[in-house]
Amino acid sequence: MENTLRKVFIGKVDEMPLRLGKTIVIDDKEIAVFKLANGDIRAIQNRCPHKGGVLAEGMVSGEHVFCPMHDWKISIVDGQVQAPDEGCVETYKVEVDQNNVYINLAN
Amino acid sequence: MGKQKLILIGNGMAGVRAIEEILKLLPDQFDITVFGKEPYPNYNRIQLSKVLQGDTEISDITINEWEWYEENNIRLYPGETVTTINKKEKFVETDKGRKEEYDYLIIATGSNPFMIPLPGVDKEGVTAFRDIKDCEKMIEYSNKYKRAAVIGGGLLGLEAARGLLNLGMEVDVIHISDYLMERQLDKAAGKLLQKELEAQGMKFLLEKETVEITGKNRVTGLKFKDGGKIPADLVVMAVGIKPNVQLAADNGIEVNRGIVVNDYMETSEANIFAVGECAEHDQMVYGLVAPLYEQGQALAKRICGMNHQGYKGSVLSTQLKVSGVDVFSTGQINETNVTKSIKVFDEWRGTYKKILVEDEKITGAVLFGDTQEGNRLLSLIKQKANIEEYLESESSEDSGESLVASMSDEELICGCNGVTKGTIVEAINAKGLSTVDEVKGATNASRSCGTCKSLVSDLLEHTLGDAFEADQKESICTCTELSRDEVIAEIKEKGLTHTREVMHVLEWKTEEGCSKCKPALNYYLGMVNPTEYEDEKESRFVNERMHANIQNNGTYSVVPRMYGGVTNSDDLRKIADVADKYEVGMIKLTGGQRIDLLGVKKEDLPSVWKDLDMPSGHAYAKSVRTVKTCVGANFCRFGTQDSVGMGIQIEKKFEGLNTPHKVKMGVSACPRNCAEGGVKDVGVIGLDGTWEIHVGGNGGTELRQAELLTKVKTEEEVLEYIGAYLQYYRENAKYLERTSAWVERVGIAHVQEVVEDQFLRNELNERLDEALSVYKEPWNETNNDETVLKDLFEKVHATAISK
Ligand code: SRM
Ligand SMILES: Cc1cc2nc3c(=O)[nH]c(=O)nc-3n(C[C@H](O)[C@H](O)[C@H](O)COP(=O)(O)OP(=O)(O)OC[C@H]3O[C@@H](n4cnc5c(N)ncnc54)[C@H](O)[C@@H]3O)c2cc1C
Ligand code: SF4
Ligand code: FES
């Protein structure tokens with residue numbers, strides 16, 4: 001399989017809201033981008049594996065987000081749904097270059 | 001004369017209880033020595049199930065702390081086993097070479113778990129479920145291995161299995177009979193239980209007989225008689241117990257199945273007693289604490305030389321301690337040709353009840369799903385009560401009286417410790433008790449298996465009336481042990497100013513809280529400091545952050561404010577135009593007398609609000625929602641007051657107030673109550689020259705009828721009383737507690753007392769006005785704040801640049 005990466009500029013670090021999610025649309029993909037309390041920026045699929053809740057609107061606690069629909073707890077770092085629920089969401093690689101934030105998408 | 005020497009062998013539940021009973025009767029009579037094989041003070045063996053299930057820690061199950069022994073001058077030798085009894089010269093010897101003389105000796109050596117002598121039973125990874133050591137072993141194994149097999153589908157086996165599931169293992173339960181707990185349940189209940197436990201993730205192999213435990217040094221699996229096999233890394237054997245009689249038998253004390261005792265727990269030898277699971281009374285050996293405690297009382301009376309009718313045997317009852325499953329059984333379980341039975345099976349709610357009757361007397365009962373009645377049935381059996389007595393009390397219960405209220409004083413609340421309703425009520429009144437823990441300390445009720453706690457709590461509430469505060473210590477969420485009241489006290493005392501500071505200073509177990517505590521803290525901080533606190537967007541649930549209700553496809557609904565449910569042609573036109581312009585999915589009249597625009601895209605919300613140019617209806621908020629009104633005196637032929645005008649005034653005054661949960665109101669102009677004030681948080685009814693204010697109603701999940709708070713004359717007074725009531729609710733309710741639940745908890749009489757006090761009422765209104773003074777209409781505010789618009793409502797459409 002061809003392994004090219006696409007690098008997409010999504011915004012400025014200092015313009016990202018802290019402890020909140022932001023919805024990013026790239027082609028037909030919706031991505032939820034979070035700036036965590038420790039300053040890390042992370043990106044996951046904006047679609048809860050339960051019933052498709054928009055995770056960008058969830059409540060953020062540390063490295064987890066609580067889905068706004070039915071409160072599933074999902075890791076923003078590895079995309080794993082936390083017990084007792086099960087599942088996972090896709091995670092995307094974030095690259096920060098000075099004040100610019102990019103997402104690397106595999107083709 | 002020096003004190004008489006008393007020795008107890010076995011530092012367990014029955015023996016130590018007998019000592020407690022003796023100390024109650026004659027605190028200074030004996031010089032007491034206790035030998036215990038296990039290296040701990042006396043602990044609650046029953047709670048091992050809860051330790052395994054993760055509800056309790058080993059450190060929390062001690063019944064008598066080390067200090068208790070000291071305070072009572074008891075010499076305790078933990079971790080020391082008695083090896084010989086010399087009954088001629090009256091001394092005992094231990095494995096550590098100690099020799100102690102006695103005048104009286106109590107043997108309370110309990111039982112040993114029965115290990116079926118299968119090939120492989122001594123392999124590593126095979127355990128019983130009896131003591132702390134076993135419990136620790138299972139926890140340790142669950143950290144390393146995946147698959148557990150529990151042999152035995154009785155009480156103990158199922159509790160072990162549930163615990164192992166909680167510890168993350170896959171669990172097979174192997175049972176020899178064709179349904180679970182066959183000694184305590186009938187087949188119908190056994191099958192219901194199986195279904196429930198299967199839903200929890202347990203797997204069952206019924207009618208299976210294990211013939212071998214396989215593996216090299218460590219177990220790897222089980223083999224069955226029918227040739228089947230399963231893999232397993234841990235095998236828990238829970239097939240029964242055997243009275244521990246070796247010591248007695250070796251030293252010439254009469255033993256049958258257990259150590260044989262009479263009604264006073266005396267063995268065949270003078271001055272030697274036996275009590276607990278090791279004792280056999282009237283050919284019965286018991287394996288539950290209730291009878292053992294009764295035995296302890298008989299023994300104590302005898303040793304102390306007091307009159308007593310002696311121990312006469314016990315009617316047993318069992319309860320399964322698995323969360324989410326309520327099972328109870330007592331007395332006779334299966335029908336015979338002389339019994340008649342009452343059976344109620346509610347498949348919908350998953351409850352089953354069977355009561356067996358012989359010669360008009362209740363002889364046994366099996367309950368599944370709802371076990372509230374368990375102990376009362378047990379006491380009716382003990383009293384040999386007529387079935388009619390039960391049926392009568394049952395129908396009075398249907399009339400709404402609480403269960404504890406309808407119980408007679410002789411009825412049992414705590415089955416384990418034989419504590420009756422009368423004893424508890426007397427202790428509450430005489431000693432001024434007010435918490436479940438205090439009742440436990442004073443009467444022993446709920447000290448053993450703990451299943452009667454809710455009954456004790458009900459009884460406290462029933463006895464103390466309004467003075468009772470339920471849920472005395474309920475933590476905000478699992479991130480902290482602190483309760484709402486404690487957290488608020490700390491916020492005030494330490495002057496804490498934001499949620500992260502609260503979590504940090506009060507040592508939250510998680511770094512940034514969870515979806516339960518974040519919004520709760522945000523509310524409490526704002527309630528305590530309305531003018532200074534800066535509301536945290538990130539601690540708000542999506543609806544309250546976005547000022548709209550999120551829907552299943554990620555779009556939102558918009559409900560503009562229509563004070564009192566009244567609108568006009570201009571507003572209707574605007575709504576129609578907006579609906580067209582933004583192509584909303586549906587225009588709907590709400591149950592709160594307003595109009596809802598559903599299916600609005602997130603990024604369109606700000607412009608929808610701008611075009612509407614109406615205030616937010618807060619249909620999403622923990623705040624004042626709608627004030628429904630009826631037509632009222634200006635049009636209706638029955639109307640006595642201007643309900644519409646009153647409703648609009650109320651809605652305008654309280655609009656935007658943050659509350660622990662949403663607040664809904666209704667104003668009607670006559671008792672026909674067309675605005676449904678009877679099921680509102682505040683329901684106002686206009687009568688000729690008076691207004692009635694009803695509070696604490698709810699029309700949602702748990703229907704509750706509002707109760708009359710007060711009657712007043714003027715519209716100003718209506719606002720003043722509602723103001724005081726709402727502020728008192730704001731300051732005292734738990735976050736997410738509707739007024740209905742709060743009024744139910746504190747009692748309407750208490751709320752009345754507060755708001756009727758002019759001084760308090762004024763103060764409450766002052767604080768309310770302060771809270772209202774900072775309110776800003778959120779839709780308009782959002783539209784004026786570029787950062788919020790960008791942070792919350794913008795969707796970034798990004799394009800790729802290839803690398
Ligand atoms: C729009 C409306 C239904 C309708 O089309 O009529 C509605 C819609 C929702 N209700 Fe309701 N309720 C609506 C009137 C009611 C009523 C009737 C009333 O207010 O007169 C009740 C029962 C009365 C009561 O609350 O005492 C009601 C009891 C609930 C409950 C249960 C509350 C409870 O304490 O038991 C919830 C859940 C909650 O709040 O936790 C709820 C929650 C909801 C939510 C917000 C669900 C959610 O959290 O996302 C619904 C939003 C749907 C959406 O996609 O927009 N809704 N809901 C009504 C809005 C009224 C308004 O104008 O603001
Ligand atoms: C997991 C589990 C759950 C249970 N659930 C319930 C329940 O819900 N309800 C209920 O009523 N009952 C329940 N039981 C049963 C209850 O715990 C026992 O009936 C009760 O503990 C028996 O008390 P005992 O004092 O006779 O024996 P034990 O509590 O076993 O005490 C005997 C003690 O004597 C010690 N000993 C033995 N020999 C010697 C010796 N030679 N020298 C010194 N010390 C010695 C033993 O080590 C032991 O510590 C449960 C038991 C278990 C294991
Ligand atoms: S009753 Fe209320 S919460 Fe339930 S589906 Fe209807 S609108 Fe939603
Ligand atoms: S859609 Fe996320 S929890 Fe249900």
Side-chain angles (χ1 to χ4, degrees), chain A residues 4-12 15-27 29-38 43 46-48 50-73 82-84 95 101-105 107, chain B residues 165-166 168 200-201 477-479 498-500 503-504 508-522 536-546 548-556 601-603 620 786-803:
Chain A
T4 58
L5 278 181
R6 290 197 302 156
K7 180 167 158 180
V8 186
F9 171 74
I10 57 159
K12 302 272 183 201
E15 286 174 7
M16 299 244 157
L18 191 62
R19 295 189 195 85
L20 285 171
K22 182 120 190 157
T23 316
I24 310 287
V25 188
I26 303 174
D27 302 339
K29 259 196 197 27
E30 269 208 19
I31 298 178
V33 175
F34 299 90
K35 181 149 103 189
L36 305 183
N38 61 10
N46 192 25
R47 217 182 130 72
C48 176
H50 179 216
K51 292 191 173 176
V54 279
L55 298 173
E57 259 71 71
M59 209 182 295
V60 181
S61 275
E63 297 184 335
H64 295 96
V65 59
F66 290 87
C67 175
M69 288 290 161
H70 317 98
D71 211 31
W72 277 24
K73 186 178 178 185
Q82 307 294 298
E95 200 178 303
V101 188
Y102 304 87
I103 289 181
N104 282 326
L105 288 179
N107 247 349
Chain B
L165 275 183
N166 287 14
Q200 293 192 6
C477 67
T478 50
C479 302
H498 57 269
T499 58
R500 270 156 297 126
M503 293 175 194
H504 180 71
W508 243 238
K509 293 179 218 161
T510 50
E511 206 167 317
E512 287 192 56
C514 68
S515 55
K516 273 212 183 75
C517 58
K518 277 178 83 154
L521 292 179
N522 187 54
E536 295 173 4
K537 294 213 163 5
E538 72 270 21
S539 301
R540 288 275 191 181
F541 174 64
V542 51
N543 288 358
E544 291 171 79
R545 188 184 324 125
M546 306 298 280
N549 288 322
I550 197 168
Q551 295 162 353
N552 54 14
N553 62 355
T555 62
Y556 291 81
K601 293 193 207 89
K602 157 164 123 168
E603 56 274 32
Y620 46 81
E786 285 303 323
T787 329
V788 174
L789 283 176
K790 187 163 162 26
D791 283 359
L792 298 184
F793 296 93
E794 182 191 71
K795 255 190 187 177
V796 177
H797 290 266
T799 34
I801 19 169
S802 290
K803 197 179 175 180

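Chain letters run A, B, ... following the sequence lines, proteins first, then strands; residues in each count from 1.
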Is the [atom1] atom of [X] crowded by more than 12 outside heavy atoms at less than 6.0 Å?
| X | atom1 | result |
| --- | --- | --- |
| A/R47 | CZ | no |
| A/E63 | CD | no |
| B/E511 | CD | no |
| B/K509 | NZ | yes |

A/I26 vs B/H797 side-chain heavy atoms within contact, under 4.5 Å: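 With C-beta onward as the side chain, the pair stays apart.
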Flag side-chain contact, heavy atom, 4.5 Å: A/V54 against B/I550: yes
Max heavy-atom pair count under 4.5 Å with chain B, selected residue of A/I10, A/N46, A/D71: A/D71
Spacing of B/E538 atom CD and A/F34 atom CZ [to the nearest 0.5 Å]: 13.0 Å
Inter-residue atom distance A/K51.NZ - B/N553.CG, 0.5 Å rounding: 14.0 Å
B/S539 versus chain A, the contacting section by heavy-atom distance below 4.5 Å: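 Interface part for B/S539: backbone (N, CA, C, O).
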Contact origin within B/R545 toward chain A - heavy atom pairs under 4.5 Å: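 Contact with chain A involves the side chain of B/R545 alone.
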Derivation of the side chain to side chain contact (heavy atoms under 4.5 Å, CB included) call for A/K22 and B/E794: CA-CA 8 Å; A/K22 182 120 190 157; B/E794 182 191 71; 2.8 Å; yes
A/R19 and B/E512: CA distance, side-chain angles, deciding distance, side chain to side chain contact (heavy atoms under 4.5 Å, CB included) verdict: CA-CA 10 Å; A/R19 295 189 195 85; B/E512 287 192 56; 3.3 Å; yes
Residue pair A/L20, B/L792: steps toward the side chain to side chain contact (heavy atoms under 4.5 Å, CB included) verdict: CA-CA 8 Å; A/L20 285 171; B/L792 298 184; 3.8 Å; yes
Side chain to side chain contact (heavy atoms under 4.5 Å, CB included) evaluation trace for A/E57 with B/K602: CA-CA 10 Å; A/E57 259 71 71; B/K602 157 164 123 168; 2.8 Å; yes
Minimal non-hydrogen separation, A/F9 against B/A798, with atom names: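 Residues A/F9 and B/A798, closest heavy atoms: O-CB, 3.5 Å.
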Closest heavy-atom pair and its distance - A/S61, B/G513: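 Reported closest heavy-atom pair: OG-O, 3.0 Å.
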Heavy-atom donor-acceptor pair, A/T23 side chain to B/K795 backbone, under 3.5 Å: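 No: the side chain of A/T23 does not pair with the backbone of B/K795.
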Atom group of [X] that falls short of 4.5 Å from chain B, counting heavy atoms:
| X | answer |
| --- | --- |
| A/M59 | both |
| A/E30 | side chain |
| A/I24 | both |

Leading residue by heavy atom contact count with chain A [cutoff under 4.5 Å; candidates B/R500, B/M546, B/K537, B/R540]: B/R500
